[in-house]
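Notes follow the structure.
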Amino acid sequence: MGRRVTSRARHAVLRRLLAAVAVLWGAVTVTFFAVALAGGDQVAAILGPEAASVPGLREETAARFGLDRPLLAQYLDRLGGLFTGDLGVSYQRGVPVSSLLAGQIGPTLQLAVSAAVFGAVLAVGLTVLTAGGGRVARGAASLLELLAVAVPPFWFGIALLWIFSFTLGWFPAFGAAGIASLVLPTLALALPVAGVLAQVMRQELDVADRRPFALSARARGLGPKELVWRHTLRHTLVPVTTLSAWGLGTLIGGAVLVEKVFSRPGVGRVLVDAVSHRDTAVVSAVVVLAALAFVVTNLLAELLYPVIDARLRSRVPDAAPETAR
Amino acid sequence: MFTRRDFLVRAGALAALGAAGAAGLSACATDTSTGTAGEDGATPVRGGTLTLGTTGEPDSWDLHVSVSTLSAVALRPVYDSLVHRLPDGSFEPWLAREWTVSPDGLRYTFELRDDVTFSDGTPFDAQAVAANFAHVVAPTTGSRNAKTLLGPFTGTEVTGPHTVVVVLSKAYSPLLGGLSSPYLGFHSPAALAAPVAIAAGGKGVISTGPFVFDAHTPGQEAVFRRREGYTWAPPSAAASQGAWLDGYTYRVLADDSARIGALTSGQLDVADSVPAGRVKELQGGSGLTLVARDTIGAPFTYSLNVTRAPFDDRNVRLAFQSSVDVETLVQGLFQGQYGRGWSAVTSSTPGYDAAVEGTWGYDADKAASLLDAAGFTGRDADGYRTRDGARLSVELAYAAEYTTSEQATVHTALQDSVRRTGFELVLRPLDTPSIVAVLSSGSYHLGAAGPTGQDASLLRTLFHSTLLPATGGANVSRVADAEIDGWLDSALSTTDTTEQAKLYGQVQQKVIGEALILPTYVGRRTYGTAQRVHGFDLDSQNLPTMDRAWVGG
C-alpha cells in the first residue's frame, strides 16, 4: 500500500506541474497575441502620438526591438526568453523589464495577501456575529454584504484617504513603507472580498444548519453562536478557501485602481500602462507573474482542503468520500 | 490614468507660473497667483528637503530620448544648457561663455567655460559636447524630441579643448532656443557608455547641474540631492552660491484628489498640476501659495483640415470660427482660471503678435451669411444646415488616452456652440495607433492640440507645408500656402529678432484670417506650495529651478 500511495502521489504532483505549465503557457500566448494583434501600428502605440511622427523613429524602434519580424518569430523569441528567465527589455522605456518590476512585486503581494486575509477575517467575523440572529440581523447583514460588493474600491479608497489621512492624519497618503501605508489600501480592497465571502458563507451555513447533526447539537443545548463556531463554520471553509484563492490571484493584477489612488507600487499599474502602450515585453512578464500567483494559490487551496474537511483525506484509498448533501 | 500622459502634459498642460517681478513678457498679465513663494522677504536658510508630488513618471529619464514634459520638470535642476533663455526671449551665457554665428547661419561656434565638471569629476569640454550631440542624433538612441530641436544638424567640430562648432546644413534660427532647453543637456561621457542606466534613472544620470540624481524607485519616487561646488550658474541667477536645499524628492501621485489632499494635509510640500476646478478652494486656505504661469507655446487649438470638404471652402471655415463665443466658453468652463487665446501662440510666447487680438470673434449673423454664401441654405429636421440634402457635418478626431478631462469638456462645449449655427460636430475619440494613422492620412476635419514650444518658431511646425503630421510636424490643418512657407523660411534664416517677430506676426495674422485654426483656452500649470516653502520659482520656460528654493518655519 505504501508503494501505491507514493507512486500515486508522484503522479498527482506531476499532473499538477504539467497543468501549471500549461496554464502559464496559455496565459502568455493569449495575452501576447491579443496585445500584438490589437489593431493598428504597434510601434505607434509604443511611442505615443507625438514621438510617432518623428521622421525615421518608428522604423528605428521597430528594428531595435525586432518588431519588424514576423509575429510568430517574435512569439517564439518571447517564449524562449521567459523559459530561460530573460524577461526582455521594455519597448516603451528601453530598460530591462526586471528592473521595472523589481520593486513592484513585494508590495503587490503584501497588499493582495493582507486584503485577502483581512477580507476573510471580516467575513467570518460578520457571519459568526449574526449567527442565530433574527430576521432583522440577517437582513441587515445581507444589506451590508451587498453594499460591500457594490461599492467601488477606488471610491472607497478616496473616502478612506479623506477621512483617515487628510483629515485625521493617522495614515500616510502614499508609498509602501511600513504597516501604516498598508492599512488603508487593505481596507479598501478587503471590503468587496469580505462581501462576497460573507454571502457565500451565509449560504453554506444555512445548508449546514439544516443537517441532522445540527439539530441534535441544538437539542443538547448548544447555543447558536457555539454551534457556528464549533461545528458549522468548518462546513463553509471549503468554498471560502476556493474563493479566497481566486480572490488573491485577481488582486495581484487587479488592484490597479487602488494602487493609483494610494500611489502604491504595484504590478497592476505597470500592466495597465504596458497594455495601453502595447509593450508586449512587459505584458508577458506581468502575465506570467499573475498566472504563477494563481497557480500557487490554487495549489495551496488544494492542499488545504484535506486539512479542513476530513472527508477529503484519502488515507483509505478505496473508501469513497461522503458527499451526502 | 496613467501615469504617462506625455502628449497630454505637453499638449496644453496647465502651464505654470508667473514669477512676479520677472521682467515683463508682454501680457504676462493674467497672473492669478496669490503671491510668489519667496517675496516675503524672509532670509533663506540652508538645509532641509522638499517633497513634490507630480502626476506621473516620464517615458524615459534620458532627456535625449524623452518627449515628456515630466522629465524636463524633474531634471532641469540636474542638467545645465549651453545658453540660458531670459524671460524677454534673449539668451545669456551659461556653459558657453560666448558664441558666434557665421553670416550664412550654418556654423555656430561656442567658447565653453573651462571650470565646469560633471558630478563624477569628468571635465566638461568640447569633446563632451560632441559626444552628447552624437548621442542625440544616433539612430540607436531613438530620440523622440531632442533630435528635432537640433534641426538640420550635420555634426560638430572640435576646434579646441573648449571650442566647439555646431554645423548645420541650412540656416536654423530656433537652434539657440533648442540649445537652451534641458532636452539638449549634457550627460557625462562616462554615463554615455551605459545609456540604459540613464534611461532607468537614478545614479546612472550624471550631469553638471546644481543637483544630482541620487536614487530612483520606478513609478514611485525620484530623489535628488545638492551638488557641492556648483559655481557656474547663468549671470541672471541671483547670488549663485549653489542651492539652499539639501535635496528634493519627486513622488508620483497620479490621482488628482490624492495629490491635492496630500498637499493640504501637509504630507507634500509642493503639488504639481493643480486642476483648474480646485484652484479657488486652495487659494483660500492654510497658507498655501499657488504659483502659475500661462503655457508657452500654443493655446488649446482646433485646426481645420483645409484639404477636406467642407473646410476646403474658406467661407465655411470663417463661419465655423465665428460660431464660437470663446470668451464665454472659457469663462464658463474654467471659472476664470484660464484665459482665452487669440492667436496660434499664447501671449506669453516670445514673438506673439498682439495685433491679432480682436480681429475675430463670435458673430452669429456673419456665420449665417457665410454659410448661405457657401450653399448651405437648407436645414434638416435636427436643425443642422444642409447643402443639396447633405448635412453640414464635420468630425473631430482626437487621442482619447492623451486628452485631459478639461479638454474633453471643451470638445463637448464646442459641439454645443457650433450646433446653433448649424454645424454637426461629431466627436471621434481614437486610440494611439488610430490617431496616428488618421493624422497621417488626413481623414479628419478637425484636430485639437495645445503644444508647448520655446517661442513663435513653433509656427513653423504648425503651418509649414512640409511639416505634416506624417513627416515629423504638427501641420494638422494641412495648409500648403506659399506665402506662409516663405515667411517661415525667411524667419529661419534671420537671427534678428525684430525681423523674426515681423515675419511670425504676418503668419499669425494670416492663419487667423484664413480661419485655419480656432484657438480656445490658454492652459496653465499651477503648482501649489505649502507654507514652509519659499523661493519656489519657475524659469522662463516654466520649469522649476529649485536652486533658489528653501524651506523653513
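Letters A, B, ... are given to chains in the order of the sequence lines, protein chains preceding strands, and every chain is numbered from 1.
Atom OG1 of T432(B) and atom CD1 of I46(A) lie 11.0 Å apart (nearest 0.5 Å). Atoms OG1 and CZ, from T61(A) and R144(B) in turn, are 6.5 Å apart once rounded to the nearest 0.5 Å. If you take OG1 on T141(B) and CZ on R64(A), they are separated by 7.5 Å, rounding to the nearest 0.5 Å. Atom CZ in F166(A) sits 8.0 Å away from atom OG in S257(B) (nearest 0.5 Å). Between S53(A) atom OG and L467(B) atom CG the span is 9.5 Å, to the nearest 0.5 Å.
Between V436(B) and D41(A), every side-chain heavy-atom pair lies at or beyond the 4.5 Å cut-off. D255(B) places none of its side-chain heavy atoms less than 4.5 Å from the side chain of F262(A). Side-chain contact between P433(B) and R278(A): present, with at least one pair of heavy atoms (C-beta onward) separated by less than 4.5 Å.
The heavy-atom pair separating A254(B) from S263(A) by the smallest distance is N-OG, 4.3 Å. When every heavy atom of Y402(B) is checked against every heavy atom of P49(A), the shortest pair comes out as CE1-CD, 3.3 Å.
Proximity to chain A involves both the backbone and the side chain of P139(B), based on heavy atoms less than 4.5 angstrom apart. When heavy atoms are compared at a cutoff of 4.5 Å, S66(B) does not approach chain A at all. With a 4.5 Å cut-off on non-hydrogen atoms, Q267(B) touches chain A through its backbone and its side chain both. Heavy atoms closer than 4.5 Å to chain A are found in the backbone of T471(B), but not in its side chain. Heavy-atom distances place both the backbone and the side chain of A45(A) under 4.5 Å from chain B. For a residue to count as touching a neighbouring chain, one of its non-hydrogen atoms must lie under 4.5 Å from one of that chain's; by this rule Q42(A) does not touch chain B.
Side-chain atoms of Q92(A) never come within 3.5 Å of backbone atoms of S60(B) as a donor-acceptor pair (strictly under, hydrogens ignored).
Taking A38(A), G40(A), A44(A) one by one and counting their heavy-atom pairs under 4.5 Å with chain B, the maximum is reached by A44(A). Ranked by heavy-atom pairs shorter than 4.5 Å toward chain B, the options A63(A), S165(A), A102(A), G157(A) are led by S165(A). When A258(B), G473(B), G261(B), P218(B) are compared by the number of non-hydrogen pairs under 4.5 Å with chain A, G261(B) comes out ahead.
Applying the 6.0 Å contact sphere to CZ of F118(A) captures no more than 12 heavy atoms from other residues, nucleotides or ligands. Enclosure of atom CG in L168(A) by more than 12 non-hydrogen atoms of other residues, nucleotides or ligands within 6.0 angstrom is indicated.
Chain A is approached within less than 4.5 Å, heavy atom to heavy atom, by V196(B), A199(B), A200(B) from residues 196-204 of chain B, ordered by number.
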Discussion item. Under the criterion side-chain contact (heavy atoms from CB on, under 4.5 Å), I'd like the reasoning laid out for E401(B) against S276(A): C-alpha separation, chi angles, the key distance, then a yes or no.
Written reply: CA-CA 9 Å; E401(B) 196 190 325; S276(A) 67; 3.7 Å; yes
Worksheet item: Passes side-chain contact (heavy atoms from CB on, under 4.5 Å), F174(A) versus L268(B)? Steps please.
Response: CA-CA 10 Å; F174(A) 48 82; L268(B) 280 182; 4.1 Å; yes
